**Q** 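Take this structure, written in structure tokens, and hold onto it; I'll ask about it next.
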Amino acid sequence: MIFLNNVAKYFQGKALFEQFNLNVHRGDRVGIVGPNGAGKSTLLGMMEGVIEPDKGEVTVEKKMSIGVLHQQIIEASDGPILEEVMNVSDRLRQIKTRLRELEVDLGKATQDSENAKDFLEEHGRLLNEFEQLGGYSLEARATKTLQGLGFSSDDWKRRWSEFSGGWRMRVALAKILLSEPDALLLDEPTNHLDLESLLWVEQYLADFRGALVIVSHDRAFLNKLVNRVVEVDAGRVITCSGNYDEHERTKEAQQEILVASYKNQQEKIKRIQKFIDQNRVKARTASRAQSRLKMLDKIEKIDLPTKPKRVKFTFPQPQASGRRVLEITGLVKKFASKTVYDGFDFKIDRGEKIGLVGPNGAGKSTLLKIMAGVLPFDDGEVQFGHNVKAGYFAQHQSESLNSELTVLLEAYSVAPAVTEQEVRNVLGAFLFSGDDVFKKVKVLSGGEKSRLALTKILLSPPNFLLMDEPTNHLDIPSCEILEEGLRKFTGSVVLITHDRKLMNSVCTGILEIHDATGDFYPGNYDDYQFKKNLMSKESLGFQTGSEYSSPVNISVDPISINKDLKKDKKRRDAQIRQALYKKIGPIKEQIKKIEADLEKKEIRSREIQDFIADPKNYTDKESFLAVLTEEPIISKEVSELEEKWEKLHSELESFETEFSQNAL
């Protein structure tokens with residue numbers, strides 16, 4: 001369907017990628033990952049046909065329909081969003097317009113008029129085509145899609161201009177999904193979704209039968225949907241089969257094999273160079289040294305890829321709070337006639353890290369704002385513990401930033417005890433590198449301001465963090481830095497996020513908000529899902545025994561799971577090493593034996609040359625003749641051993657190359 005053949009793209013003279021090939025067929029599910037600015041969206045633009053490659057060609061199957069979601073908002077007509085979403089087919093629009101015209105004409109025509117029959121025939125034909133194109137079910141499918149993306153029935157008649165940027169992106173996504181194209185190209189589709197909407201989109205895409213290409217930083221989303229991963233980074237493109245976790249494991253194993261091959265090659269080069277240095281100035285061995293020099297030139301050097309720089313920084317830790325951080329009793333919150341909370345109770349202790357989940361509109365952000373003290377409530381008590389300092393990170397955090405300061409000075413203002421280089425390290429982790437740190441805050445985009453606010457919180461954290469979708473606008477390496485910071489954070493955290501990987505890594509409990517109250521589940525997001533599934537099975541009568549009578553008390557130990565994963569990795573690594581040793585071990589032993597024999601023969605050869613060169617030995621004709629007879633034999637043996645040595649080294653190099661290419 002979409003074919004990229006030896007494509008290359010350059011930016012300011014630097015290669016984003018070169019000689020890259022990719023074929024995307026119907027049913028393929030490709031994830032594109034890499035740091036911001038590496039060229040992910042550029043690849044997507046080439047597939048769409050809006051960006052031309054500098055080299056190579058991109059071929060797209062004729063008459064193929066492509067649905068594209070960009071990161072930037074595309075303007076739409078300012079009608080009701082239901083009408084905008086249903087506006088997915090030019091042909092359906094033409095049919096609807098013509099049907100209305102025909103109905104007017106039929107209303108004017110008499111039964112016996114000459115045109116009445118033609119009008120009726122065309123009307124019937126168009127109605128049949130309208131049905132074939134799904135016109136009758138279009139509105140039902142449109143409302144279902146909008147509901148899945150978090151819109152209520154009251155929203156359907158609201159105009160596009162009434163919604164914020166994030167909700168407009170959802171309208172665009174709904175329209176693309178409803179068009180049911182042959183291929184979907186989605187650039188960061190999860191950025192503006194809450195968890196419930198994300199799960200709906202995830203299931204929709206899992207059932208999608210066309211080609212799917214996704215640029216995303218959501219690792220759980222990629223794990224669920226893709227079977228091939230393309231990583232773009234520092235001018236290199238790596239393609240691996242499997243989902244994101246399999247891609248990471250494959251990369252790690254390939255790196256280990258590459259490092260082993262590199263070390264073996266360096267040892268070989270060192271041995272050859274040593275022989276050359278010792279023998280190139282001697283007349284008798286100069287030819288062999290020259291032969292080794294040619295061998296050295298023929299070796300195809302293994303280059304280790306530059307490892308991405310990891311930020312080495314210990315995030316500052318806050319002053320400890322009391323044991324009880326927050327206690328909510330009998331909370332009541334209403335918006336007009338809608339009751340969001342009615343007698344809600346909850347407690348948070350020091351060190352707990354709670355993820356908030358629940359359907360759209362259940363009150364997750366409302367609860368976070370009440371905890372942060374930025375939203376009043378109608379009844380009940382919200383009491384903070386001793387020495388608790390709360391910090392609130394909203395989805396659109398920009399009000400607290402000083403627009404006249406540079407990025408560096410704004411970040412540095414909250415952490416004067418931290419060195420400037422460490423501040424720059426953390427800014428780099430959150431995509432402010434080079435001269436970006438000298439930009440004025442007022443010229444930053446909304447996403448950049450959000451990242452800067454996140455940087456400030458991590459540089460000078462309060463002991464009670466309240467975070468609403470902190471991973472929006474972050475790439476995968478930045479998400480991993482955030483995970484590390486929150487995992488090591490000694491204070492307490494409550495967060496709303498659609499990033500399940502973040503919740504699995506950080507959360508010690510999940511609070512599910514529903515029906516004006518909430519249920520607490522110890523453990524991370526996977527533990528929560530496991531318990532919910534058990535409860536669902538019990539409610540359907542699938543579980544009759546008493547083993548799971550109290551699903552809330554059951555937990556999957558993440559430490560145990562991690563130990564099992566580590567054991568599997570150690571076992572896999574051991575198998576790789578064993579297979580490599582079986583291939584090259586015997587060859588190395590032969591090389592070692594030949595080198596020992598060769599050293600003895602070369603010593604004897606030098607002794608013979610010294611004996612022949614000494615005139616005193618000419619008087620002992622018997623001994624002299626014996627040495628002369630031995631000299632060509634030794635020379636031949638040395639040559640044969642050198643030939644065997646070179647052959648075995650070539651064989652060793654061939655095996656190592658073959659293993660590194662095919663072991664995975």
Side-chain angles (χ1 to χ4, degrees), residues 67-90 92-93 96-97 100 134-180 186-205 333-341 356 358-369 374-375 394-399 445-447 450 468-469 472-473 496 498 513-516:
V68 184
L69 179 71
H70 301 92
Q71 288 195 51
Q72 297 79 21
I73 299 173
I74 298 175
E75 293 295 321
S77 61
D78 195 23
I81 62 167
L82 180 58
E83 290 184 11
E84 175 63 25
V85 170
M86 291 173 62
N87 191 17
V88 295
S89 167
D90 291 338
L92 279 176
R93 285 198 304 275
K96 288 175 71 175
T97 301
R100 284 194 292 267
Y136 289 116
S137 63
L138 181 61
E139 183 171 349
R141 289 186 287 121
T143 57
K144 182 179 179 181
T145 303
L146 287 171
Q147 285 175 334
L149 289 170
F151 292 93
S152 68
S153 57
D154 294 335
D155 293 327
W156 300 344
K157 295 182 180 180
R158 292 175 61 192
R159 295 185 178 278
W160 184 83
S161 60
E162 296 178 40
F163 292 93
S164 65
W167 286 94
R168 290 179 186 180
M169 293 297 287
R170 295 194 193 197
V171 174
L173 180 57
K175 188 174 180 179
I176 292 166
L177 297 181
L178 195 64
S179 68
E180 297 181 343
L186 306 177
D187 198 349
E188 297 290 2
T190 66
N191 260 359
H192 301 281
L193 302 179
D194 58 18
L195 182 57
E196 293 297 313
S197 300
L198 183 148
L199 293 174
W200 184 89
V201 170
E202 189 174 83
Q203 188 56 53
Y204 183 99
L205 295 177
K333 177 62 184 175
K334 298 179 181 179
F335 290 102
S337 60
K338 181 180 179 182
T339 300
V340 182
Y341 291 100
L356 299 184
N360 184 63
K364 301 184 294 294
S365 292
T366 298
L367 181 60
L368 207 65
K369 290 175 182 177
V374 299
L375 185 67
Q395 286 194 56
H396 307 287
Q397 186 88 11
S398 59
E399 295 81 2
S445 67
S450 179
D468 196 347
E469 295 293 355
N472 280 357
H473 312 292
I496 300 170
H498 63 262
I513 307 297
H514 65 90
D515 301 324

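Residues take their numbers from the sequence shown, with the count starting at 1. If you're wondering where the values come from, they're calculated on a predicted model, not measured in any experiment.
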**Q** Are the side chains of Thr145 and Trp200 in contact, using a 4.5 Å heavy-atom criterion?
**A** yes
**Q** Quick one, Glu202 and Leu198 - any side-chain contact, counting heavy atoms below 4.5 Å?
**A** yes
**Q** Measuring only between side-chain heavy atoms, which start at C-beta, is Val340 closer than 4.5 Å to Leu367?
**A** no
**Q** Grab the two heavy atoms, one from Pro359 and one from Lys364, that are nearest each other, plus how far apart they are.
**A** O-NZ, 3.3 Å
**Q** Would you name the heavy atoms of Leu149 and Trp167 that are closest together and state the gap between them?
**A** O-CZ3, 3.9 Å
**Q** Going through the distances and angles, do Phe151 and Leu82 end up as a side-chain contact (heavy atoms from CB on, under 4.5 Å)?
**A** CA-CA 10 Å; Phe151 292 93; Leu82 180 58; over 6 Å; no
**Q** Does Glu139, at its CD atom, have more than 12 non-hydrogen atoms belonging to other residues, nucleotides or ligands within less than 6.0 Å?
**A** no
**Q** Would you confirm whether Glu469, through its side chain, and His498, through its main-chain N or O, come within 3.5 Å as a donor-acceptor pair?
**A** yes
**Q** Flag the pair Val171 / Val85 as yes when at least one side-chain heavy-atom distance between them is below 4.5 Å, and no otherwise.
**A** yes
**Q** Quick one: list whatever passes side chain to side chain contact (heavy atoms under 4.5 Å, CB included) with Ser337, sequence neighbours left out.
**A** none
**Q** Starting at CZ of Arg168, measure out to CD of Glu162 and round the result to the nearest 0.5 Å.
**A** 10.0 Å
**Q** Shortest non-hydrogen contact from Leu356 to Leu368?
**A** CD1-CD1, 4.2 Å
**Q** Tell me whether Lys333 at atom NZ has more than 12 heavy atoms from other residues, nucleotides or ligands lying less than 6.0 Å away.
**A** yes
**Q** Quick one: list whatever passes side chain to side chain contact (heavy atoms under 4.5 Å, CB included) with Ser197, sequence neighbours left out.
**A** Arg170, Leu193, Asp194
**Q** State whether the side chain of Glu83 and the backbone N or O of Pro80 hold a donor-acceptor pair below 3.5 Å, judged by distance alone.
**A** no
**Q** Can you find a pair of side-chain heavy atoms, one from Ile513 and one from Thr366, that are under 4.5 Å apart?
**A** no
**Q** To check you understand the geometry: which heavy-atom pair defines the closest contact between Arg158 and Asp154, and what is its length?
**A** CG-O, 3.8 Å
**Q** Quick one: closest heavy-atom pair of Tyr204 and Leu178, and the distance?
**A** OH-N, 4.4 Å
**Q** Do Met169 and Leu69 come close enough that some side-chain heavy atom pair is under 4.5 Å?
**A** yes
**Q** Answer whether the closest heavy-atom distance between the side chains of Val201 and Thr190 falls below 4.5 Å.
**A** no
**Q** So how far is it from Asp187 CG to His70 NE2, rounded to the nearest 0.5 Å?
**A** 8.0 Å
